[in-house]
Number of protein chains: 2
Amino acid sequence: MNSARKENPVTDALEDYLETIYLQIRDQKFARIKDIAKARGVKSGSVSPAMKRLDELGLIKYVKREYIVLTPEGEKRARRVFARHQLLEHFFKDILNMSPGAAQKDACAMEHNLSDEAMDRFVRLFEFLEVCPEGRDLLEKFRGCSRVHHDIPCMKEDCKSAHRPEISEEEQQMSISDLQPGQSGRVTQVNGQGAIRQRLLDMGVFPRVEIEVERVAPAGDPIWIKLQGYQISLRQNEAAAVMVTRV
Amino acid sequence: MNSARKENPVTDALEDYLETIYLQIRDQKFARIKDIAKARGVKSGSVSPAMKRLDELGLIKYVKREYIVLTPEGEKRARRVFARHQLLEHFFKDILNMSPGAAQKDACAMEHNLSDEAMDRFVRLFEFLEVCPEGRDLLEKFRGCSRVHHDIPCMKEDCKSAHRPEISEEEQQMSISDLQPGQSGRVTQVNGQGAIRQRLLDMGVFPRVEIEVERVAPAGDPIWIKLQGYQISLRQNEAAAVMVTRV
DNA sequence: TCTATTTGTTAGATTCATCTACCAATGGAG
DNA sequence: CTCCATTGGTAGATGAATCTAACAAATAGA
Ligand SMILES: [Mn+2]
Ligand SMILES: [Mn+2]
Ligand SMILES: [Mn+2]
Ligand SMILES: [Mn+2]
């Protein structure tokens, strides 16, 4: 990461310092070494030199042993990082329904590398999902419906029946274990929970990817499939959890 | 980043090497220093020691001057990184409609830090958007509709009229420049293009955030607003681009 | 077989981010 | 005014990731 260090000397770590300073000034009117160290989980011996670097870059004004002040440039940069953080955290927490902890952590890891273009598109998505009535409907439905895909009983009884029939009319749904060697399919759903689901996702078994069954062991247990050009093997219970349509 | 170096010695850079090796073996049946260096944009003098590290970690089998082979452990890890890459790139490109280049770049920067939970939720989203008929409909609508929010003429004439009326019935839409000092609003849309939009997004002016107009200069030009606890100033044309509902 | 080209290795340097272990300044409390 | 507790600063070390430049090995031509 941050391979663009030549053009942009503000590293991820420095951006995190800026964000921390920004928030501390906002919340307690001042920022000092001790609090920054605590907030970032580092020792004060690491913060001092970082402040020196930020000062040299013109992003903060730092006189030894005094409170840290953001320059206009630094404030702009800090707000930009914080904005990205907020946007991503909102997406993870409120759209994707992640746990607050994971949303915060993922957001803070990604905020530094998000492109302007991605920011722009996320905002468009939010406008659609949270302003357009149709988008709001969609978000509602997604929230109510996403359980269906994971064997967790759906609250709305009609949810499953409302969706499935339409699908099965056009495209026959089956699991990978229903395919014969030589047949191909496109993944539509990944069922299964816990370790099985985890392993499938780690292997890149997602909706939309195409797979081809290459070989099935006599007992039907390891099933070798080709996925994105690479061969992998699935246990029977893993294969059964993956729904596909024939292609 | 990668502050979790103690528990997990496989850094982002090493993961990228693994991913590169994985793809080269897939596509050309072998991986060697030269090609890896080229693919990753580094010099061969950087790759050799990295291969030594990966070998020590048991992720590849590397005998000097011979082709590089992934161990089962390394292959698993590589596939996991690649899976994350694919998932994010798909999201950026096909859902958010980003340019292929930016989608690829953002995905490759983020793939290392994405949590398992985020993976899981992304997959649920894809299942909804690409399997459920309702999800598919609404993805369609989003694609057609997202233009509306950005002053780009919409292809479907009825798109705007289909959405707006319903909104205005319940919630009065106005721009920030219509607010009086002391009044508050919640952002619903960020219009405007180019530099104006960019600056608004950099400052964290997104849908859903609450703003309060604190002060308006005589000429109406700088408008000071409070946003997430911090005061910022907007030009008149920036303020005019931000749609809000009163709160 | 001998040489030229390609490919990979090594050593040494740089930059960043962090640590630890001291040391220094500051500001109350008495 | 002195002393101690809090706070911040410095030096030196570590480890990751990279570079450059010189070198070595392997391969391919002639
Ligand atoms: Mn961060
Ligand atoms: Mn952050
Ligand atoms: Mn990457
Ligand atoms: Mn990648």
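Because the structure is predicted, anything quoted here is derived from the model rather than measured. We name chains A, B, ... by the order of the sequence lines, and we start the count at 1 in each one.
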Tell me whether the OP1 or OP2 atom of [N] has a side-chain N or O from [X] closer than 4.0 Å.
X       : N      : value
A:Tyr17 : C:dC16 : no
B:Lys64 : D:dA24 : no
A:Tyr67 : D:dG8  : no

Just the rounded figure in Å: distance from [atom2] of [N] to [atom1] of [X].
X       : N      : atom1 : atom2 : answer
B:Glu15 : D:dA17 : CD    : C1'   : 15 Å
A:Glu66 : D:dG8  : CD    : C1'   : 12 Å
A:Leu54 : D:dG8  : CG    : P     : 16 Å
B:Leu14 : D:dA17 : CG    : C1'   : 9 Å
B:Arg65 : D:dA25 : CZ    : P     : 7 Å

Are B:Glu56 and B:Lys52 close enough for a salt bridge, meaning some N to O gap below 4.0 Å?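 Here B:Glu56 does not pair with B:Lys52 in a salt bridge, since their nearest N and O are not under 4.0 Å apart.
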
Are any of the side-chain nitrogens in B:Asp55 or B:Lys64 under 4.0 Å away from the carboxylate oxygens of its partner? no

Do B:Phe82 and B:Arg26 have side-chain heavy atoms sitting under 4.5 Å apart?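 Yes, their side chains come closer than 4.5 Å.
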
Under a 4.5 Å cut-off applied to non-hydrogen side-chain atoms, are A:Leu114 and A:Phe122 in contact?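 A side-chain contact under 4.5 Å exists here.
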
A:Ile21/A:Met51 under side-chain contact (heavy atoms from CB on, under 4.5 Å): CA gap, chis, key distance, verdict: CA-CA 10 Å; A:Ile21 293 164; A:Met51 295 307 106; 3.9 Å; yes

What's the verdict on side-chain contact (heavy atoms from CB on, under 4.5 Å) for A:Leu59 and A:Leu14, showing C-alpha distance, side-chain angles and the deciding distance? CA-CA 10 Å; A:Leu59 297 170; A:Leu14 292 185; over 6 Å; no

Enumerate the residue pairs fulfilling salt bridge (Lys or Arg N to Asp or Glu O under 4.0 Å) with a member in residues 92-112 of chain B, sequence neighbours excluded, ordered by first and then second residue.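 Non-adjacent pairs meeting salt bridge (Lys or Arg N to Asp or Glu O under 4.0 Å): A:Arg208-B:Asp94, B:Glu89-B:Lys93.
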
Could you check, using the six-membered ring where one of them is a Trp, whether B:His90 and A:Phe206 have ring centers closer than 6.0 angstrom?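 For B:His90 and A:Phe206, the ring centres are not under 6.0 Å apart.
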
List in numerical order all residues of residues 18-43 of chain A for which some heavy atom is under 4.0 Å away from an atom belonging to DNA chain D.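 Nucleic-acid contacts, sorted: A:Arg32, A:Ile33, A:Lys34.
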
Residues touching DNA chain D, which here means a heavy atom under 4.0 Å, drawn from residues 46-53 of chain B: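 Residues of residues 46-53 of chain B that come under 4.0 Å of DNA chain D are, in numerical order, B:Ser46, B:Arg53.
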
May I ask you to check if B:Arg121 and A:Phe92 form a cation-pi contact, with NZ or CZ under 6.0 angstrom from the six-membered ring centre and within 45° of the axis? no

